Amino acid sequence: MASKSFQAPNGTQDSYPIDLARRRWLIEHWRRVSTRHGFEEIDGPTFEHLDVYKTKSGEGIVSELFSFRRAGGKDDYALRPEFTPTLARMYAAKANALPKPTKWFCTGNFFRAERPQRGRRREFWQWNADVIGLDVDPQQMNAEGAEKDAEIAEATARMDAEVIACVVGLMQAVGLKPEDVKVRFNHREAIADWLQEQGVEEESHTAVMAILDAAKKMKPEDFVTAVSAFGLKGDGLSVALKGPQHLKDDGYPDIWIVHAATKRVHRSLGAARVLPWVEFDASIVRGLAYYTGTVFEVIADGERAVAGGGRYDGLIEMFGGPPTPAVGFGMGDVVLTNLLSDKGLLPSDDELMQWAGQTPDVFVIAAGDDAAEAARPACAQLRSHGLHARHSYKSTKNVGKLLKEANQLGAHAALLIEDGGQSAKIKHLKSDGGESEPMPIEQALAQLADEFRPVDAPPSKQR
RNA sequence: GCGAUUGUAGCUCAGUUGGUUAGAGCACCAGGUUGUGAUCCUGGGGGUCGCGGGUUCGAAUCCCGUCAGUCGCCCCA
């Protein structure tokens, strides 16, 4: 039979035990932070109808997707490049039965047919958290007009801040500091109103926002030329060039943030106790057309954006749901892992393997030929108590070598069976290396089962 | 989609101006020694030099193509 060697597809990565432990560690942080911020976990299919993504992003998106048609089928599908359309579809299907607001998160793998480079792969894992709806019910509000609008505006800002606070919670959980990363935010309404004040025609706003978005990559003189063409000049121009402005508790030092919408978000961020992590940044615009309010990115020096998100009030309706405001973000594993690695914040391989339960509780060693047959029954008994028990597959009878193997595997304890399988000693490998006196093997097994009783096993019905 | 750069054992790398059966360390396996937590000794398996084609008496070494990695552009939901 002819043999053929294969490589993993471009932009994908094989996950060996340590790689998987590292990814599980990251996802577990995402999950815990989401949960304690009151988000519930959901997931959807890994592929969707191709039209779902065309609806949201237009025909042009297709070249960025892995799309396919089943042989003999007539439907076009695409591996999911993002979660938002799935989320919108799921919400729309049960909108009337869901609480307001609904807070959902998802961690899963996503696929984009882009050229891989630093911080970007074709298959990656992404964390999404979204708040759909507001904590007010407009239909039940008695107020009219301006008063009602004000209440909705406040609720909108609260939800924006909840999402940003969740992102900040993750950064804290993995040991990042405000010096390492910042959430930089802006507000579409604030930009639009400010442009209006500066005399930029409304139909030019989209074009100017695109230039602001690209400002970092442009030479200052090119930037000036570009925005001047739309009427931006004088003070307005210098403000646009300034970039990030730190929000201060004692006031609003910059023309951009005197806008009512930005102020409301700022107040809510204060209530969420995350202001040290947040900066106002005029250059955060986000290219996507569907963002309607707050937009933000998590940025670290020298990396592409760690996370990005914003408010998309029209999208649920686009997917067949009732008109529903929503805000959310996505955070990928690739950039975050790069950042944590550079900052020395990833646990060591040993720590990860131990956390992931890949290190044995007990390594069973048969000391001497006459005890050789006892290792496997001993392992079986320990496993029936829920312990992670292993024995060597090597043929050596050398106790020293076997103890060395136990240590390399990170075993917490070794069970040394002697005396033809009748008695055993327990040696603790992690702590002091202390070793017990010989005892009957049944007693040793019971002692180990008691000491390493698993506490986090999933519930099960034993009959 | 475009550009630059790299590709020799599981890992880190040597391989002289193209010249005999391609090397080292670590890792792995086995045997011995020491009841270990970077012990020591001995031995072993493993590479068609990313893949394909070409030039040549002869290529890991030169040329072309292709695949993959890395970095950048585009894009970034």
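A note on names: the letters A, B, ... follow the listed sequences, proteins ahead of strands, and every chain is numbered from 1. Everything quoted here is computed from the prediction, not taken from an experiment.
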Peer 1: Report yes or no: is there a donor-acceptor pair, N or O only, under 3.5 Å between the side chain of A:Glu435 and the base of B:G35?
Peer 2: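 When only heavy-atom distances are counted, A:Glu435 does reach the base of B:G35 through a donor-acceptor pair under 3.5 Å.
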Peer 1: Would you indicate which nucleotide in B:C2, B:G35, B:C75 comes nearest to any side-chain atom of A:Glu64?
Peer 2: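 Nearest to the side chain of A:Glu64 among the choices is B:C75.
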Peer 1: Between B:U39, B:C29, B:C76, which one does the side chain of A:Lys404 approach most closely?
Peer 2: B:U39
Peer 1: I'd like the P distance from B:U20 over to B:G37, given in whole Å.
Peer 2: 44 Å
Peer 1: Give the rounded distance in Å between these two atoms: CG of A:Asp349 and P of B:G10.
Peer 2: 20 Å
Peer 1: With both distances under 3.5 Å as the test, what is the Watson-Crick or G-U wobble partner of B:U33?
Peer 2: none
Peer 1: Categorize A:Gly11 for me: base, sugar-phosphate, or nothing, with a 4.0 angstrom heavy-atom threshold over every strand shown.
Peer 2: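 Counting heavy atoms under 4.0 Å across all strands, the contact made by A:Gly11 is with sugar-phosphate only.
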Peer 1: What's the CG-C1' distance between A:Asn398 and B:C29, to the nearest Å?
Peer 2: 15 Å
Peer 1: Does A:Val200 offer a backbone N or O that forms a donor-acceptor pair with the side chain of A:Ser204 under 3.5 Å?
Peer 2: no
Peer 1: In the structure shown, which nucleotide is the Watson-Crick or G-U wobble counterpart of B:C26, with both distances under 3.5 Å?
Peer 2: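 Looking at the geometry, B:C26 pairs with B:G10.
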Peer 1: Rounded off to whole Å, could you give me the NZ-to-P distance for the A:Lys401 and B:A27 pair?
Peer 2: 13 Å
Peer 1: Nearest-nucleotide wise, let me know which of A:Leu65 and A:Thr12 is further upstream toward the 5' end of RNA chain B.
Peer 2: A:Thr12
Peer 1: Closest-nucleotide mapping onto RNA chain B: is A:Asn407 or A:Ile61 further toward the 5' terminus? I mean the 5' end.
Peer 2: A:Asn407
Peer 1: So does A:Leu65 get a backbone contact from the side chain of A:Ser67, meaning a donor-acceptor N/O pair under 3.5 Å?
Peer 2: no
Peer 1: In whole angstrom, give me the gap between the P atoms of B:U12 and B:U55.
Peer 2: 35 Å
Peer 1: When you get a sec, tell me which of B:G69, B:G72, B:C76 is the closest nucleotide to the side chain of A:Asn10?
Peer 2: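 Within the option list, the nearest is B:G69.
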Peer 1: Of the listed nucleotides (B:G72, B:U70, B:G35), which one gets closest to any side-chain atom of A:Leu403?
Peer 2: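 Selected nucleotide: B:G35.
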Peer 1: Nearest whole Å is fine: how far is B:G3 P from A:Glu114 CD?
Peer 2: 19 Å
Peer 1: Quick check: any donor-acceptor pair below 3.5 Å linking the side-chain of A:Arg120 to the base of B:C75?
Peer 2: yes
Peer 1: With C1' as the reference atom in both, quote the distance from B:C62 to B:G46 in angstrom, rounded to an integer.
Peer 2: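 These two C1' atoms come out 30 Å apart once rounded.
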Peer 1: Using the C1' atom in both, what is the distance from B:A27 to B:A9, to the nearest Å?
Peer 2: 11 Å
Peer 1: For B:A4, which nucleotide in any strand shown is its Watson-Crick or wobble partner with both distances under 3.5 Å?
Peer 2: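 Base partner found: B:U70.
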Peer 1: Does a side-chain heavy-atom distance below 4.5 Å link A:Glu418 with A:Pro438?
Peer 2: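 Side chain of A:Glu418 against side chain of A:Pro438, heavy atoms only: contact under 4.5 Å found.
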Peer 1: Starting from the C-alpha separation in whole Å, work towards a yes-or-no answer on side chain to side chain contact (heavy atoms under 4.5 Å, CB included) for A:Thr84 and A:Lys56.
Peer 2: CA-CA 9 Å; A:Thr84 305; A:Lys56 185 187 170 208; 4.0 Å; yes
Peer 1: Mind calculating the distance between CZ (A:Arg122) and P (B:C67) to the nearest angstrom?
Peer 2: 11 Å
Peer 1: Which nucleotide wins on minimum distance to the side chain of A:Lys427, given the candidates B:U36, B:A68, B:C73?
Peer 2: B:U36
Peer 1: Ignoring hydrogens and angles, answer whether the base of B:G31 and the side-chain atoms of A:Lys394 contain a donor-acceptor pair closer than 3.5 Å.
Peer 2: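 Absent.
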Peer 1: Using atom P of each nucleotide, how far apart are B:G23 and B:G44 to the nearest Å?
Peer 2: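 Between the two P atoms, the distance is 14 Å.
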Peer 1: Could you work out which one of B:C71, B:C76, B:C28 sits closest to the side chain of A:Arg118?
Peer 2: B:C71
Peer 1: If the P atom of B:G54 is compared with that of B:C11, how far apart are they to the nearest Å?
Peer 2: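 Going atom to atom, P in each nucleotide, I get 30 Å.
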Peer 1: Looking at B:C75, which nucleotide sits across from it as a Watson-Crick or G-U wobble partner, both distances under 3.5 angstrom, or is there none?
Peer 2: none
Peer 1: Considering non-hydrogen atoms only, spot the tightest contact between A:Asp130 and A:Phe329 and give its length.
Peer 2: OD2-N, 4.3 Å
Peer 1: Which part of the nucleic acid does A:Leu402 contact within heavy-atom distance under 4.0 Å: base, sugar-phosphate only, or nothing?
Peer 2: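 Nothing, no nucleic acid heavy atom in range.
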Peer 1: Indicate the atoms forming the closest heavy-atom contact of A:Arg304 with A:Arg118, along with that distance.
Peer 2: NE-O, 3.2 Å
Peer 1: A:Glu405 CD to B:C28 C1': how many Å, rounded?
Peer 2: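 These atoms are roughly 12 Å apart.
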Peer 1: Taking only the P atom of each, what is the distance from B:G31 to B:A68 in whole angstrom?
Peer 2: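 Per the computed distance, 43 Å lies between those P atoms.
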Peer 1: Both distances under 3.5 Å, Watson-Crick or G-U wobble: report the partner of B:G45, or none.
Peer 2: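 Answer to the pairing question: none, since B:G45 forms no Watson-Crick or G-U pair.
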Peer 1: Starting at CD of A:Gln117 and ending at C1' of B:C75, how long is that distance when rounded to a whole Å?
Peer 2: 9 Å
Peer 1: Decide yes or no on salt bridge (charged side-chain N to carboxylate O under 4.0 Å, His left out) for A:Glu162 and A:Lys103, but give the supporting numbers first.
Peer 2: CA-CA 10 Å; A:Glu162 284 212 16; A:Lys103 297 169 67 172; 2.5 Å; yes
Peer 1: Could you tell me how far B:U48 sits from B:G53 if I compare only their C1' atoms? Round to whole Å.
Peer 2: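 Each nucleotide's C1' atom is 16 Å from the other's.
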Peer 1: Does some side-chain heavy atom of A:Asp349 sit less than 4.5 Å from a side-chain heavy atom of A:Arg22?
Peer 2: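 Yes, at least one pair of side-chain atoms sits under 4.5 Å.
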Peer 1: What is the distance, to the nearest angstrom, from the CZ atom on A:Arg115 to the P atom on B:G3?
Peer 2: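 For the pair A:Arg115 CZ and B:G3 P, the rounded distance is 10 Å.
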